[in-house]
Amino acid sequence: MENNNKQYLLDQQYLKMASIWAQNSYCKRRQVGALLVKDKMIISDGYNGTPSGFENVCEDEENNTKPYVLHAEANAITKVAKSNNSSDGATLYVTSSPCLECSKLIIQAGIKRVVFTESYRIEDGLNLLKRAKIDIMHVNTETLNQLKNEK
């Protein structure tokens, strides 16, 4: 039981860090942050935004997200792909549950666990992760906000 409690506390800390990282996003509609952790080390990070070299504007004139905006999970996974690290067996901490496209990347990257705070309205991504037998954990945002206020 003590190990589970210790892991839960670690999960909350990494989610807090992911929510802080989300603040780097230039997206106005929604800011999402992600951290990839392996052996208690952060091996990659990401937030939603445009590809490198593009303007830092995520929405068009009608406030719709531009089709080439990358999700936080995709940014973290592609960033680790450019490094000497491997995401095989890692845990992904993300401030929103993954969409279907990001879930495909998560599976192919060998990520074994996904911990998130906010549930996305479409659950296709979570359903795919469950089918791939990836461990999924939803941490309530209210719990996370209480932790932010305690520190």
Side-chain angles (χ1 to χ4, degrees), residues 1-52 56 58-59 63 65 69-151:
M1 182 69 179
E2 188 177 323
N3 273 348
N4 285 343
N5 192 37
K6 200 176 210 180
Q7 183 60 57
Y8 185 68
L9 291 174
L10 271 175
D11 289 344
Q12 291 176 328
Q13 294 299 335
Y14 285 125
L15 282 172
K16 271 200 317 188
M17 292 167 72
S19 71
I20 291 167
W21 201 244
Q23 295 171 16
N24 289 316
S25 173
Y26 286 91
C27 297
K28 292 183 177 117
R29 289 183 63 210
R30 185 177 198 157
Q31 294 181 314
V32 180
L35 293 178
L36 261 175
V37 176
K38 187 173 178 179
D39 301 324
K40 294 184 183 173
M41 289 188 310
I42 297 170
I43 61 169
S44 190
D45 53 55
Y47 51 86
N48 57 327
T50 56
S52 299
N56 286 320
C58 299
E59 295 84 13
N63 201 33
T65 301
V69 167
L70 289 157
H71 290 186
E73 306 94 314
N75 266 327
I77 291 168
T78 55
K79 191 173 181 180
V80 81
K82 288 170 49 174
S83 75
N84 292 327
N85 285 315
S86 167
S87 57
D88 196 36
T91 297
L92 176 70
Y93 293 92
V94 63
T95 58
S96 182
S97 59
C99 70
L100 185 61
E101 293 302 314
C102 287
S103 292
K104 292 180 206 175
L105 293 175
I106 290 164
I107 294 164
Q108 289 302 97
I111 295 166
K112 296 297 176 209
R113 191 164 174 262
V114 175
V115 183
F116 67 94
T117 47
E118 294 177 25
S119 292
Y120 185 61
R121 59 185 167 79
I122 301 168
E123 294 191 359
D124 293 0
L126 288 178
N127 292 335
L128 186 65
L129 294 176
K130 288 174 189 170
R131 185 173 169 195
K133 298 192 178 8
I134 291 175
D135 185 22
I136 301 167
M137 184 175 167
H138 180 207
V139 174
N140 190 317
T141 41
E142 288 175 24
T143 305
L144 206 58
N145 288 334
Q146 287 172 350
L147 276 177
K148 277 185 195 174
N149 294 332
E150 288 173 13
K151 299 258 172 165

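Computation of the quantities below employed the complete heavy-atom set of this structure, encompassing side-chain atoms and omitting hydrogens, waters and symmetry-equivalent molecules.
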About how many Å separate [atom2] of [Y] and [atom1] of [X], when rounded to the nearest 0.5 Å?
| X | Y | atom1 | atom2 | answer |
| --- | --- | --- | --- | --- |
| Leu129 | Ile134 | CG | CD1 | 5.0 Å |
| Asn63 | Arg29 | CG | CZ | 6.0 Å |
| Lys38 | Ser87 | NZ | OG | 7.0 Å |
| Leu70 | Glu101 | CG | CD | 12.0 Å |
| Ile136 | Lys130 | CD1 | NZ | 5.5 Å |
| Ile77 | Lys104 | CD1 | NZ | 13.0 Å |

Query raised in the report: Should Asp45 and Lys79 count as an ion pair when the cut-off is N to O under 4.0 Å?
Result: yes
Atom of [X], atom of [Y] and distance for their closest heavy-atom approach:
| X | Y | value |
| --- | --- | --- |
| Cys58 | Val69 | O-CG2, 3.6 Å |
| Ala22 | Gly33 | CB-N, 3.3 Å |
| Gly125 | Ser103 | O-OG, 3.0 Å |
| Tyr120 | Ser97 | N-OG, 2.7 Å |

Report summary line: The side-chain contact (heavy atoms from CB on, under 4.5 Å) partner of Ser44 among Leu36, Val37, Thr78, Asn85 is Leu36
For the residue pair [X] and [Y], establish whether any side-chain heavy-atom pair is separated by less than 4.5 Å.
| X | Y | value |
| --- | --- | --- |
| Thr91 | Tyr14 | no |
| Gln12 | Tyr93 | no |
| Lys40 | Leu10 | yes |
| Leu92 | Phe116 | no |
| Ser119 | His138 | yes |

If we ignore hydrogens and angles and just use 3.5 Å, is the side chain of [X] paired with the main-chain N or O of [Y] as donor and acceptor?
| X | Y | answer |
| --- | --- | --- |
| Ser25 | Gln31 | no |
| Asn48 | Arg30 | yes |
| Thr117 | Thr95 | yes |

Query raised in the report: Is a side-chain donor-acceptor pair under 3.5 Å present for Tyr47 with Asn75?
Result: no
